[in-house]
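Sequence lines set the chain letters: A, B, ... in the order given, protein chains first and strands last, and positions in each chain run from 1.
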Amino acid sequence: MTHPLNPFAATRYEARKARTTIMAKWGTALACLMLIAPVLWILAYIFHHAWPAFSLDYFLLNPSDKGKAGGLWGPLIGSFYLVICSLCVAVPVGVLSGIYLNEYAKENWITRAIGVGVTSLAGVPSIVHALFGLGAFVLGLLPLINRFIDDPLQRMHAGLLTASLTIAVMELPLIITSTREALSSVPKTFREACWNLGASKWQTIRTIVLPNSLGGILTGIILSVSRAAGETAPILFTGAAFSLYVPETFPEKLAPYAVSEPFLAMAYHLKIIMAEISGMPEHMKFGCAAAMILLILSVNSLSIALRMKLRNAKKW
Amino acid sequence: MSTHIEFSDVSVHYGQKRAVDRFSFKIAEHSVFAFVGPANSGKTTMLKCINRTIEFIDAAKVTGQVLLKGQDVKAIRDVYSLRRRIGMVFPLPVGLPLTVYENVAYAPRRMGVRNKAELDEIVERCLRDSVLWDEVKDRLDMLGTKLSGGQQQRLTLARALSLSPEILCLDEFSIAIDPVTTMKIEDVLMQLKEKMTIILVTNLTQQARRMADHVAFLNDSELVEWGENEAMFNRPKKEITGRYLNGEFG
Ligand SMILES: Nc1ncnc2c1ncn2[C@@H]1O[C@H](COP(=O)(O)OP(=O)(O)O)[C@@H](O)[C@H]1O
Ligand SMILES: [Mg+2]
């Protein structure tokens, strides 16, 4: 139904199409704003209230007076060791399983079942992981080890080891999945070319497949770190403590915890000072929350930077 | 001339589907043996039986015997040593995500060649034999994957030559390469014949006619017939062979 005088005028159908296009654009933009605005507001709110707490000492001193004074050193270094120890277990197991599943396992129902299992494991709530860790490591593994230790003073307690193992189990699905994805993004034709040259499967993996999927694997590992470091539930029953003597002088301060003893950790520290200590100054609560946000943001931006660098270095 | 490769009643099934049906033929040493036939007639599958890369396909089942100088390839304990004796070039060009130099040096390095001068010599010789040297000699450290399709195909050929194989299998190697370069490669292949047996899978019947000592015609998973070049083109036993080789198929 064109205008009789102007053949280029929009028909009614075209006008409606233009209107819906504009509405769709602004509708989706609004949804985006609804997502971003609260996040920015929360961040601003937290950092505004945390500001009075921030100083060099806040990060270098241990908490004192039930967290009402002092700083965050003990929990920070505790979270650091928790992450490192859990990765020592989760990275080898996760990456090697990913390699097996993607490169060696035949495509059959067992492989598929394991794949489904791994994916479902990623969806298990962290409190369930916590209970599993309690059962498997604190109540199962520790008594087993302690049976071989005669001196009661040397016996192992729930601590860095049990908490790290629990966190490792939580990190595994993400590491396995991202390893598999990274490996399968390397084209099959590269592998076939190598096999035709008489290279073994392992030689092919080592020389071609792994170097070209390392970025994806690392990204997965870093993301699993940022997720695991923020979890409270899994360390709740498996080794985290709140009030604990932590050395205040260097160099003891750098490695304050034994693997078989309880330790301080950021997520747990925050939970306790938020919920269980009365008369906690506001800036100490917000300071702790802000420090955690900073920690996780910096880990995440590391993974984003890595991904960008690798996208530029794409080799095919 | 002695027999280099012999197929004795070889069949391949992918699950229920038959891809190679009771192939039997003999290839003489230092000859060029061409396989021609329409798509899906089992040519590529047949090649994969020679170096046993067919074993990477879970669904594939091979029966019969493939003999290499009289030895059953299935009885070769070290399958990698078998694959190193056979150079393979498949139709799709594949530059490995390594430099041009490292693409060619890849297999020698896996064999333990560390000496730089020795590697340099291998790389230059193979790139010359695949008619790529002049185009890449100034940028050997460029990524092999960044070459053009035709160049990558010649890189694949150079890689296949890097271990001085006793057999060279070329599966429709010229589909990504221009006619002039193809002619040059054909010339090189005729010289390489002195050193190795060449199996040529091709859709270009004229290429088979130019180069092959023997020609086999495959159709619908069957080896219709094989024989000397001249006889196959001029006096085929089956009518369908004559029609295909003279381009009147379909
Ligand atoms: N990996 C595979 N799985 C199942 N069927 C296959 C596979 N590869 C080839 N085939 C089938 O086997 C037959 C022969 O294929 P192929 O050997 O590639 O023939 P050609 O190289 O002559 O075109 C075709 O029908 C093809 O569909
Ligand atoms: Mg083919």
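Contacts of residues 94-113 of chain B with chain A at a heavy-atom distance below 4.5 Å involve V94(B), G95(B), L96(B), P97(B), L98(B), Y106(B), A107(B), R110(B), listed in sequence order. Within residues 38-65 of chain B, the residues having any heavy atom under 4.5 Å from a heavy atom of chain A are, by residue number, N51(B), T53(B), F56(B), D58(B).
Within a 6.0 Å sphere centred on CZ of F80(A), heavy atoms belonging to other residues, nucleotides or ligands number 12 at most. Environment of NZ in K74(B): crowded, with over 12 heavy atoms of neighbouring residues, nucleotides or ligands closer than 6.0 Å. Heavy-atom neighbours of K137(B) NZ from other residues, nucleotides or ligands within 6.0 Å: above the threshold of 12. Annotation: R227(A), atom CZ; neighbour count of heavy atoms from other residues, nucleotides and ligands within 6.0 Å does not exceed 12. A 6.0 Å sphere centred on NZ of K26(B) holds no more than 12 heavy atoms belonging to other residues, nucleotides or ligands.
Within the 4.5 Å cutoff, side-chain heavy atoms of T145(B) are placed close to those of F190(A).
Across all non-hydrogen atoms, the minimal contact from G198(A) to R83(B) is CA-CB, 3.7 Å. Considering every non-hydrogen atom in both M88(B) and N196(A), the closest pair reads CG-OD1, 3.7 Å.
N212(A) touches chain B through its side chain: at least one heavy atom from C-beta onward sits under 4.5 Å away, while N, CA, C and O do not.
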